[in-house]
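Beneath this line is the structure, given in C-alpha cells, with notes to follow.
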Amino acid sequence: MDYFDWYAAYLHRTCPVADAHLDLVTEVYRRRKKGERGVLNTYYREEFQKGGVNLVVASLFLGGDELNDCMEEGIFPGGSLLKKSLEMLSAFYEDLEETKGRMQLVTDRDSLLRITAKRGFSRQYKVGIVLYLEGLDMLEGEPELLRCFYAMGVRGAALTWNRRREIVNVLAEGCGGNVTISGERKESGEKRDQAITDKGVQALFLMEKLGIFVDSSHLSREAAWLLPSFTKKPYAATHSNSAALVSHQRNLTDGEIEEIAGRGGVIGVNAYRKFCGCFSKDDAGMALDTCGYRSADVTGGEKENCEAGIDALCDHTAYLIKKAGEDHVGFGLDFGEDTVLSGYAELPKVTAALLRRGFSVETMKKVLGGNWICFLSEIL
C-alpha cells in the first residue's frame, strides 16, 4: 500500500461516499421471493461499509422476470405492472425494517444531510437509501400516480428504460429505439412516435413539482435533446459514461454532458464493462478492447477483474470531469454481474488511481459524494 492507497482509504473512511445507481429494490425483492430474509443485512451492510458508502440510490426495475409474472396471454392486464411495483416496494420496506435503523430512507434535505454527515465504522454507521424508479412503466400512462409513489418515499425516476416495445403507454423513447450513436436524427419517410409523449411531459412537470429528480440515462438521443425543453430544474444521468471514449448508445455525447452540467446536474460514472470499453466475461481470448486496454486471459468464459478495467473507469471519470467540470461528476456504478469492479470494497482503488493522475483531494471529495449530496439537496 503506497501513499495514494492510504489516502484513498482515509477519504472513504471520513468523507461521504455515494453511489447513484444500484438495482437494490429489485434484488431484495427477487431474493425475498425465493424465501430469503434479511437481504440487506446479509449481502449489503458489510459491502457498503468496506467502501465507506453511506448513500445509495436504490433502483426499482421491472426486469424480464417481473414482466413475465405480470403477463397473461401475451398482454399486461390493466394494473398488473402497478401491482408488481407495489409488491416490490413492500418487500423492500420489510427488509429495510430488518436492518434495525442501520439503513434508512432519505426523503428530504434534513434526512440527507443528517445521514451523510455521520461518518465512522462503529455501530452508528448508517446508510441512506434514496428510492428511484428505473422507468415509469408501472404508471401505465397515468402520470398522476407519481403522487402515490412520492408518498411511498420515491425521490428519483427515469421516464423509461432502453427498450419497452412490449409495454403500452411508455412515456418516452429509450436508447434502444431508432437512433444513431452520433446523436443525429435518422432521416426517414416513416412517421415516428414522439420521443417524449404528452403524458411524459406531464410526468416531468409533476416530478419537478413534487421533488423527484429526473434521470436521463436510458433516454434515446432525441428524447435527451428534448428533455431540457420540458424541465427547469437540474437533472442527472445517474449511470452513464462518455460516448466519445466508448461509442455505446447508453453513453453520453459531449453535447449531452455539457447540457447536464449547464443545468447544474450530475453524471454518475458507470462500472459496466461494455460502457467502460472492456470485454464482457463471455468474450474469449486475449485482445484489445475499445479503449485500447488489453484484457486478461479468459478461460471457459471467466475473467478476473483487471487493472485495465480500473484504468478505463478512471478514463471516463477524467473525461467527464474535463467536459462537465468537477462539480458535476460522481459515481453511478450499477453493480451487477459484469462490472469492472467486483464490489464496493474495490472502489478505494479507483480513488487512489485518480489521485495518482493528479486529481486533488477536494475534487475527489466532490466525486465521491459531495456532488450528489449538493444535487439532491437542491431537488428534495
Side-chain angles (χ1 to χ4, degrees), residues 20-21 57 59-60 106-109 112 130-139 141-150 154-162 164 169-175 177 179 183 185 192-240 243 249-268 320 323-325 327-330 332 371-380:
H21 194 89
V57 176
S59 165
L60 186 162
V106 169
T107 57
D108 54 30
R109 188 179 294 109
L112 170 69
V130 180
L131 290 179
Y132 157 93
L133 303 178
E134 192 167 11
L136 295 178
D137 311 308
M138 67 287 295
L139 303 185
E142 298 297 334
E144 287 297 324
L145 290 176
L146 275 169
R147 297 183 184 276
C148 300
F149 282 98
Y150 179 84
V154 171
R155 294 297 182 268
L159 286 179
T160 190
W161 190 66
N162 293 350
R164 290 303 208 193
N169 295 319
V170 174
L171 301 181
E173 182 181 67
C175 63
V179 294
R185 308 181 188 211
R192 292 189 57 186
D193 294 332
Q194 293 172 273
I196 298 179
T197 67
D198 293 341
K199 293 285 189 180
V201 175
Q202 293 176 32
L204 290 171
F205 174 79
L206 188 53
M207 288 167 68
E208 291 199 332
K209 180 179 179 181
L210 293 172
I212 298 176
F213 75 80
V214 177
D215 181 17
S216 69
S217 284
H218 286 283
L219 291 177
S220 70
R221 299 293 182 212
E222 186 171 14
W225 292 329
L226 292 175
L227 193 59
S229 301
F230 299 134
T231 57
K232 295 181 179 179
K233 294 183 179 180
Y235 61 90
T238 61
H239 54 307
S240 294
Q249 60 188 6
R250 272 282 284 104
N251 287 343
L252 304 173
T253 63
D254 286 354
E256 291 175 289
I257 293 169
E258 291 165 2
E259 186 66 44
I260 293 169
R263 276 295 193 88
V266 181
I267 301 165
L320 290 172
K323 287 295 180 180
D327 295 324
H328 305 287
V329 180
N371 289 337
W372 282 120
I373 293 170
C374 288
F375 170 77
L376 292 171
S377 295
E378 185 172 347
I379 301 298
L380 298 182

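Throughout, numbering of the chain's residues begins at 1 and tracks the sequence. Just so we're clear, the structure is a prediction, and the values are computed from it rather than from any experiment.
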How long is the gap from CD on E259 to OG1 on T253, to the nearest 0.5 Å? 10.0 Å

Applying side chain to side chain contact (heavy atoms under 4.5 Å, CB included), can you list everything that pairs with F375, at least two apart in sequence or on another chain? F213, P234, A236, V266, W372, I379

Quick one: does L145's side chain get under 4.5 Å of L136's, heavy atoms only? no

Residue pairs, two or more places apart or on separate chains, that pass side chain to side chain donor-acceptor pair (under 3.5 Å) and touch residues 195-206: Q194-D198

Please name all residues satisfying side-chain hydrogen bond (donor to acceptor under 3.5 Å, both in side chains) with S59, sequence neighbours left out, ordered by chain then number. D23, E134

Partners of R147 by side chain to side chain contact (heavy atoms under 4.5 Å, CB included), sequence neighbours excluded? E144, L206, K209, L210

Smallest separation among heavy atoms of L219 and A172, with atom names: CD2-CB, 3.9 Å

So do the side chains of R250 and S240 get within less than 4.5 Å of each other, counting heavy atoms only? yes

Rounded to the nearest 0.5 angstrom, the CD-OG1 distance for E173 and T160 is 9.5 Å

Shortest non-hydrogen pair, A195 vs E222, comes out as CB-CG, 3.7 Å

Does the side chain of N162 reach to within under 4.5 Å of the side chain of H218, using non-hydrogen atoms? yes

List in chain and number order the residues that pass side chain to side chain contact (heavy atoms under 4.5 Å, CB included) with A158, two or more places apart in sequence or in another chain; answer none if no residue qualifies. Y132, D215

Are L131 and F149 side-chain neighbours, meaning at least one heavy-atom pair lies under 4.5 Å? no

If you round to the nearest 0.5 Å, how far is OG of S216 from CD1 of I267? 8.0 Å

Heavy atoms only: give me the nearest S377-I373 pair and the separation to one decimal. OG-O, 2.7 Å

With H328, which residues qualify under ring-ring contact (aromatic ring centres under 6.0 Å, His included), at least two apart? none

Could you state the interatomic distance from CG (L159) to CG (L133), rounded to the nearest 0.5 Å? 11.0 Å

Within this structure, what is the SG-CG distance for the pair C175 and L252, rounded to the nearest 0.5 Å? 10.0 Å

Only counting residues at least two apart or in another chain, list the ones meeting salt bridge (charged side-chain N to carboxylate O under 4.0 Å, His left out) with D108. none

Mind running side chain to side chain contact (heavy atoms under 4.5 Å, CB included) on V130 and L376 for me, showing each step along the way? CA-CA 10 Å; V130 180; L376 292 171; 4.3 Å; yes

Search all heavy atoms of V329 against all heavy atoms of A324 and return the closest pair with its distance. CG2-CB, 4.3 Å

Mind checking the CG-CG spacing from L139 to L171? Nearest 0.5 Å is all I need. 6.5 Å

M207 and A157 have their tightest heavy-atom pair at CE-O, 3.5 Å

What's the shortest heavy-atom distance between S220 and G174, and which atoms? CB-O, 3.3 Å

Hits for side chain to side chain contact (heavy atoms under 4.5 Å, CB included) against T231, two or more places apart or cross-chain, chain-then-number order -> L204, E208, L227, Y235, R263

